[in-house]
Amino acid sequence: MTNSLVFTARPGKNYMEQIPRDVKGRAVAVMAEGKIYDLRLSPEREVEAQVVTQDSEEGIRILRHSAAHLLAQAVTELYPGALPNAGPVTEDGFYYDIFMDPISSQDLERIEERMREIASRDIPIVREVHSRQELLSIFSCNRFKLDKIRANVPEGGQSTVYRQGEFVDFCQGPHVPSTGYLKHVKLLSVASTNYLGDPSRERLIRIYGTAFPDEKSLKQYLKNREEALRRDHRRIGGEEMDLFVFNSERAPPGFPLYTPYGAAIRNELIQYMRDLNRENGWLEVSTPHIFRDTIWKQSGHYAKYRPNMYVFQLEDGDGYGVKPMNCPGHITIFERRMYSFREMPVKLCEAGTVYRYEKSGEVGGLTRPRMFTIDDGHAFLRKDQIQEEVISILRMITRTFREILGITDMKFDLSVIDREHPENYLLSYRCHSCSSVSEIRAASLQGELACPVCGSREIEPDFSAWDEATEQLRKALESLNIQYKEYPGEAAFYGPKIDVHVKDALGRYWQFSTVQLDFFMPINFDLTYVGSGGSKERVVMIHRAIYGSYERFMALLLENFAGKLPTWLSPPIQVYITPVSNSYDDYAAEVSRALSREGIRVELDTSPETVAKKIRMIRQKRPAYIVVVGERERSSGSVTVRNRKDQQNSYGLSEFISRLKEEIRERNLEQTL
RNA sequence: GCCACCGUAGCUUAGCAGGUAGAGCAGCUGAUUCGUAAUCAGCAGGUCGGGGGGUUCAAAUCCCUCCGGUGGCUCCA
């Protein structure tokens, strides 16, 4: 903060008149004694005030909230009868929910035009204080605002409205002094929502927009947004690079089909994980996609997860469920024999494809398919091995994201139990009457919660297993110096977990890795090992995934690199080869053979098109390198290579091959040629 | 699941005052044999997402229904 942002404000004149001249143009409000005030207000006594500028975090929120009012004003002017509900600020803009007839995105232009027009009139935005009675009468035509007044202004109390011309809104503010501050606005999209999120209540139209202090930053934001749309993995991977296809007439919605190009990337990712798993003691297994319903009943999936499962019955009457998770399969392998305490932990892993009937509105692209493959792993361990194993998994996670994506700033979330709602979890209950302990998930019970042994209602949840597990997770995170946040109530029904969210190049967070402790599946399946004293000891389970799913990870890959994958991961085409004309087909073929003999994925194109056209066409597929050969190359035994930065360099063929192989072997993030 | 918007050839799209589809790219054929983001010409490709219903003399165009895609869905004055 520079000094000119702080000044002494005196009573008698409003803040606007007292703001230091050099920052006046950027000011939208002032902060005094910890509170933010409109510039049109005057201090009640002499105070140290700090200017809130429109480019500060708080300032831009004020600007955007004011823009939301501007939007509401424009809409109510254009659509008589429209009733504004609420217009909060979002992370990068604002929206306003308005009760009105549905509009399409084309109508946004008209509304935006009106907003600009109102902004150019520079109408003063004035704060007024009114009694509850007055407020109710001002907004007598708007039942949504009446609800808010009744809910927020006590009987006999007062609150504020902000008025700009004909438009008045019930609002605490603060706001910019006049509509002239709001010239750099843009409406972005229209969606719908229900009042109070209740489907039985009124359907509101939600209009999204954003506002900036100046045209330049607005333009920059819109440019970034454009870039985001261009980076959409559905566009890059599905249309341009031809990696996968969705065909809802043939396969169910949300079931991706991979082309040879897409399958090659998947296989490369699978191979990477195979190596990492082996290095860390994880043994690969393979399990069926379909299990009898008995296993799903035992695992508890039928109780909780059935609506999300593909279940079916054959004519013989037996019921089956397509797996939504891999754990029962891995458990079935683990329980085939006894393990000694010396053999623990047993760590089984699999690129396991699961099928989940996700709600129709949730399905979309590779980030939310209904069929996806988890790089799944289940560790069966002794209680004393938890922390060490979690640490090992966390290391695998950080390494994977660093090596493949070059990303290091992941968000770790520790999801813990909500102690206020024990019924949502599988918990031990202790009975006060008979002192027995039983594992129950209260929400799955039909009747009253009661002791299964003596029937007493005097039972109490015992959180100790959860607390212990949670503490192990905390310690693991802390021992690696990983910053994390705790989220009560976000835990799985069977245990606490660590989820990893990764920010992509566009600043959006996606959930990928997960490490879930599970004390209860071992109880359901009675999983034990033989302890050092020869007694059966209870196994602890960890469910973990590093990528999360191959689908979502591939989406992140594509968006993160805008399709320009590192060479090792560029199996669609690592090297595209074309001769300058068909006279050099032979040499091009020779180069192609030499590369592919070395395991490099090449695509030779001897079609009789111009080089310019071929390059234009192939760029969509994003080959790592484009090799063009003609007389110069043939006579010197070399290749001319065009890299992703569109730089051209010539290399001797053998040098090119050895350096390329090196780049692939090292899994370099950057191109070296 | 609920709500809104959208759905014309593989892709991008014209047609959106209702009169039974027009283009560019890709594809194919031929010519061109070419030095790094558009060589030329020709051909073919659409029952206007699909099924059903309605309005009309007439529907890609208007209405309803089903399907799919996209965005949104406690609170946030």
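Naming: A, B, ... by sequence-line order, numbering from 1 per chain.
- Using a 30° and 60° split on the angle between ring planes, A:F656 and A:Y651 fall in the parallel class, below 30°.
- Pairing of B:A23, defined by two Watson-Crick or G-U wobble distances under 3.5 Å, is identified with B:U12.
- Among B:G72, B:U36, B:U33, the nucleotide with an atom closest to any side-chain atom of A:Y208 is B:G72.
- Rounded to the nearest Å, the gap between the P atom of B:U65 and that of B:C28 is 44 Å.
- Remark: A:R203 pairs with no residue by the side chain to side chain donor-acceptor pair (under 3.5 Å) rule, at least two apart or across chains.
- Looking at heavy-atom distances under 4.0 Å, A:V363 makes contact with sugar-phosphate atoms alone, never a base.
- The environment of NZ in A:K621 is crowded: more than 12 heavy-atom neighbours from other residues, nucleotides or ligands sit within 6.0 Å.
- Between A:R632 and the phosphate of B:G35, there is no side-chain N or O to OP1/OP2 separation shorter than 4.0 Å.
- With a cut-off of 3.5 Å on both Watson-Crick or G-U wobble distances, the partner of B:G42 is given as B:C28.
- In this structure, CG of A:N85 is placed 19 Å from P of B:G72, rounded to the nearest angstrom.
- Contact annotation for A:K613: backbone-only contact, meaning every heavy-atom pair under 4.0 Å involves sugar-phosphate atoms and none involves a base.
- Atom CD of A:Q133 has 12 or fewer heavy atoms from other residues, nucleotides or ligands within 6.0 Å.
- Among the protein residues, A:R203 comes within range of the sugar-phosphate backbone only, with heavy atoms under 4.0 Å from sugar or phosphate atoms but none that close to a base.
- Geometric assessment of A:R601 against the ring of A:Y576 yields a negative cation-pi assignment under the 6.0 Å and 45° thresholds.
- Side-chain atoms of A:V611 lie closest to B:U36 of the nucleotides B:C73, B:U39, B:U36.
- Pairing partner, B:C2: B:G72, with both Watson-Crick or wobble hydrogen-bond distances short of 3.5 Å.
- The A:S583 side chain lies nearest to B:U33 when the options are B:G35, B:U33, B:C73.
- With A:F99 as the aromatic partner, A:R143 meets the cation-pi criteria of under 6.0 angstrom to the ring centre and within 45 degrees of the ring axis.
- B:U33 makes up no base pair with any nucleotide shown, lacking Watson-Crick or G-U wobble contacts both under 3.5 Å.
- Under the Watson-Crick and G-U wobble criteria, each requiring two contacts below 3.5 Å, nucleotide B:G51 is paired to B:U65.
- Remark: A:E362 engages A:R368 in a salt bridge, criterion side-chain N to carboxylate O under 4.0 Å.
- In this structure, A:T160 reaches neither bases nor backbone, as no heavy-atom distance under 4.0 Å exists between it and the strands shown.
- In this structure, A:R370 is positioned above the aromatic face of A:Y357, its NZ or CZ under 6.0 Å from the six-membered ring centre and within 45° of the axis.
- A:S650 is linked by a side chain to side chain donor-acceptor pair (under 3.5 Å) to A:T640, counting only residues two or more places apart in sequence or in another chain.
- Residue A:T193 places none of its side-chain N or O atoms closer than 4.0 Å to OP1 or OP2 of B:C3.
- Not a single donor-acceptor contact under 3.5 angstrom links the side-chain atoms of A:Q648 to the base of B:G35.
- Comparing A:G361 and A:C171 by the nucleotide of RNA chain B that holds the closest heavy atom to each, the one mapping nearer the 5' end is A:G361.
- Within a 6.0 Å sphere centred on CZ of A:R235, heavy atoms belonging to other residues, nucleotides or ligands number 12 at most.
- Nucleic acid contact class of A:T578 (heavy atoms, under 4.0 Å, all strands): none.
- Among B:U33, B:A26, B:C34, the nucleotide with an atom closest to any side-chain atom of A:N582 is B:U33.
- Contact between the side-chain N/O atoms of A:R234 and the OP1/OP2 oxygens of B:U70 is found at a separation under 4.0 Å.
- Within residues 74-82 of chain A, no residue has any heavy atom closer than 4.0 Å to RNA chain B.
- Nucleotide B:A59 forms no Watson-Crick or G-U wobble pair with any nucleotide shown, as no partner meets the under 3.5 Å limit on both distances.
- Here the nucleotide nearest the side chain of A:E631, chosen from B:U12, B:U39, B:G35, is B:G35.
- A straight line from CD of A:Q620 to C1' of B:G27 spans 15 Å, rounded to a whole angstrom.
- Taking atom C1' in both B:A17 and B:C3, the straight-line distance is 31 Å, to the nearest Å.
- Using a 4.0 Å heavy-atom cutoff across all strands shown, A:G173 reaches no nucleic acid atom at all.
- Closest contact between the side chain of A:A191 and the listed nucleotides B:U36, B:U39, B:G72 involves B:G72.
- Here A:E249 lies out of heavy-atom contact (under 4.0 Å) with every strand.
- Taking atom P in both B:A60 and B:G53, one finds a spacing of 15 Å when rounded to whole Å.
- Using atom P as the reference point in both B:U39 and B:G52, the two lie 46 Å apart (nearest Å).
- Rounded to whole angstrom, the span from the CG atom of A:D97 across to the P atom of B:C2 amounts to 20 Å.
- Within 4.0 Å of A:P608, counting heavy atoms only, lies at least one base atom of the nucleic acid.
- With C1' as the reference atom, B:U61 and B:C43 are 30 Å apart, rounded to whole Å.
- Between B:G7 and B:G50, the two C1' atoms lie 11 Å apart (nearest whole Å).
- Taking the P atoms as reference points, B:G71 lies 49 Å from B:U32, given to the whole Å.
- Across all strands, A:E240 comes closer than 4.0 Å to no nucleic acid atom at all (heavy-atom distances).
- With hydrogens and angles ignored, a donor-acceptor pair under 3.5 angstrom links the side chain of A:Y95 to the base of B:C76.
- For A:T610, the side-chain atoms get nearest to B:U39 when compared with the rest of B:U12, B:U39, B:U36.
- Nearest-nucleotide positions on RNA chain B place A:Y357 closer to the 5' end than the other of A:Y357 and A:I626.
- A ring-ring contact (aromatic ring centres under 6.0 Å, His included) with A:Y208 is found for exactly one of A:F94, A:Y95, A:Y96, namely A:Y95.
- Between the C1' atoms of B:U33 and B:C40, the separation comes to 14 Å (whole Å).
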